[in-house]
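Have a look at the structure below before the remarks.
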Amino acid sequence: MSFAIGIPTALILLGHVKSWPLVYTLRSWWLLRSLVKQANVRNLEPRELFAVVSQSHRCLYDDIDYNQHMVCLTFNKILDFGRIQLLYTIIPRVMMEPGHNIFCHNAGVLTLFRKKEIRPLSTYAMQTRVWTWDDKWLWLQHRFVLPDGGVAAMAVSKVVFKRVSGKTVPPAQVLELCGHQLDCPTIQERRSRNAAWAKGLLEADIGLREDQYSWDLSSTSRHAAKL
């Protein structure tokens with residue numbers, strides 16, 4: 001009788017292990033610990049600017065919604081891990097040498113395109129790379145890849161670099177400080193091409209925030225639901 005109750009209970013708990021207290025924090029700490037070790041082995045030398053970093057993950061039962069596929073909240077959590085990995089791989093000097101007094105701040109996920117489902121217990125890889133940059137933002141490109149090579153989702157996020165005073169440090173300055181040569185025509189062509197698309201995303205973001213139409217329920221038909 002105890003086995004009949006204990007085994008299913010244990011399986012349920014293991015299937016929801018990512019929701020246990022402190023698990024997210026411990027996963028972040030373990031990832032950061034390994035990245036710092038790898039960066040020290042390379043003497044803080046960065047990988048190539050547009051290098052792709054990849055992580056393997058599995059979709060557990062606390063990653064899904066009632067439609068039985070991975071929920072948006074999980075995508076955002078995994079993107080956190082991707083940003084951490086890329087920053088400590090591409091710009092390890094700024095991330096690890098305190099004398100620069102430059103701090104990186106996550107500015108959020110600007111867009112997420114879901115193309116295919118990630119089903120319970122399935123594995124997937126989350127890939128991240130530098131997309132482009134402008135005078136303020138360093139843009140990152142992410143994708144979630146299934147075992148068959150299909151792309152389940154794509155995302156774009158951005159980070160900003162600040163000094164203690166709050167002054168923004170241009171990403172180009174940070175990249176050059178970490179040893180990247182940005183005067184290469186191929187790099188500039190790629191940055192410029194992707195920057196045009198990034199500008200469109202910023203304009204869409206402004207349009208959403210500056211929408212002139214009221215959200216006041218009193219001025220529209222009332223369709224508020226109680227949960």
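The first residue in the sequence is number 1, and the count goes up from there.
- Remark: Tyr24 pairs with Phe81 by the ring pair (Phe, Tyr, Trp, His ring centres under 6.0 Å) rule, at least two apart or across chains.
- Proximity of Gln127 to Val53: side-chain heavy atoms (C-beta onward) are nowhere separated by under 4.5 Å.
- Residues Val160 and Leu177 do not share a hydrophobic cluster, clusters being chains of Ile/Leu/Val/Met/Phe/Trp/Tyr side chains in contact below 4.5 Å.
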Give the table of side-chain donor-acceptor pairs shorter than 3.5 Å for residues 36-50, with sequence neighbours excluded, one pair per line with atom names and distance.
from, atom 1, to, atom 2, distance (Å)
Asn40, ND2, Val36, O, 3.2
Arg42, NE, Glu45, O, 3.0
Glu45, OE2, Arg93, NH2, 2.6

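- Put simply, Val130 and Val109 are part of the same group of oily side chains (I, L, V, M, F, W, Y) that touch within less than 4.5 Å, one to the next.
- In this structure, Thr132 contributes its side chain and Arg191 its backbone to a donor-acceptor pair below 3.5 Å.
- Linking ILVMFWY side-chain heavy atoms closer than 4.5 Å, directly or via other members, places Val94 and Leu87 in a single hydrophobic cluster.
- Rounding to the nearest 0.5 angstrom, the gap separating the CD1 atom in Ile84 from the OG1 atom in Thr89 is 11.0 Å.
- For the side chain to side chain contact (heavy atoms under 4.5 Å, CB included) test, residues two or more places apart in sequence or in another chain that qualify with Leu121 are Leu60, Tyr61.
- In terms of heavy-atom proximity, Ile90 sits nearest to Ala51 at CD1-CB, 4.3 Å.
- Within the structure, the side-chain hydrogen bond (donor to acceptor under 3.5 Å, both in side chains) test picks out the following pairs touching residues 165-175 (sequence neighbours left out): Lys162-Thr168.
- At distances below 3.5 Å, at least one donor-acceptor pair connects side-chain atoms of Asp62 with backbone N or O atoms of Ser19.
- For the pair Arg190 and Arg193, the minimum side-chain heavy-atom distance is 4.5 Å or more.
- Of all heavy-atom pairs spanning Met126 and Thr128, the tightest one is SD-OG1, 3.3 Å.
- The shortest side-chain heavy-atom distance between Leu202 and Lys158 falls under the 4.5 Å cut-off.
- When the shell of 6.0 Å around CG of Asp135 is examined, it contains 12 or fewer heavy atoms from other residues, nucleotides or ligands.
- Through chains of ILVMFWY side-chain contacts below 4.5 Å, Trp29 is grouped with Trp30.
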N/O donor to acceptor pairs below 3.5 angstrom from side-chain atoms of residues 144-153, sequence neighbours left out:
from, atom 1, to, atom 2, distance (Å)
Asp148, OD1, Gly150, N, 2.9

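- By the criterion of side-chain heavy atoms lying less than 4.5 angstrom apart, applied directly or through intervening Ile, Leu, Val, Met, Phe, Trp or Tyr residues, Val17 is not grouped with Tyr124; the two fall into different hydrophobic clusters.
- Note that CZ of Arg33 and OG of Ser28 are 14.5 Å apart. Values are rounded to the nearest 0.5 Å.
- Side-chain heavy-atom separations under 4.5 angstrom define the hydrophobic clusters, and Val52 shares its cluster with no other residue.
- Between Val159 and Cys104, the closest side-chain pair of non-hydrogen atoms falls below 4.5 Å.
- Looking only at distances, no side-chain donor or acceptor of Ser192 sits under 3.5 Å from a matching main-chain atom of Glu189.
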Exercise. Go through Ser157 and His142 one step at a time and tell me if the side chain to side chain donor-acceptor pair (under 3.5 Å) criterion holds.
Key: CA-CA 8 Å; Ser157 64; His142 316 266; 2.7 Å; yes
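- With sequence neighbours excluded, the residues forming a salt bridge (Lys or Arg N to Asp or Glu O under 4.0 Å) with Asp80 are Arg83, listed by chain and number.
- Cluster annotation: Leu182 and Trp139 are assigned to distinct hydrophobic clusters (Ile/Leu/Val/Met/Phe/Trp/Tyr, side-chain heavy-atom contacts under 4.5 Å, transitive).
- Going from atom CG of Leu31 over to atom CD of Gln55 covers 5.5 Å, rounded to the nearest 0.5 Å.
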Under 3.5 Å, side-chain donor or acceptor atoms of residues 66-79 against the rest of the protein: list the pairs with distances, not counting sequence neighbours.
from, atom 1, to, atom 2, distance (Å)
His69, ND1, Glu117, OE2, 2.8
Thr74, OG1, Asp63, O, 3.3
Thr74, OG1, Asp63, OD1, 3.4

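- Partners of Gln141 under the side chain to side chain contact (heavy atoms under 4.5 Å, CB included) rule, at least two apart in sequence or in another chain, are Arg129, Trp131, Met154.
- Smallest separation of non-hydrogen atoms from Pro171 and Leu138: CG-N, 3.8 Å.
- Between Val174 and Ile102, the shortest heavy-atom contact is CG2-CG2, 4.3 Å.
- Counting Ile, Leu, Val, Met, Phe, Trp and Tyr side chains that sit under 4.5 Å apart, directly or through other members, Phe103 shares a hydrophobic cluster with Val164.
- Considering only residues two or more places apart in sequence or on other chains, Arg58 meets the salt bridge (Lys or Arg N to Asp or Glu O under 4.0 Å) condition with none of them.
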Practice problem: List the steps, then state whether side-chain contact (heavy atoms from CB on, under 4.5 Å) holds for Arg119 with Cys59. | Solution: CA-CA 7 Å; Arg119 306 295 295 178; Cys59 179; over 6 Å; no
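- In this structure, Leu201 and Val156 have side chains that are in contact, with non-hydrogen atoms separated by less than 4.5 Å.
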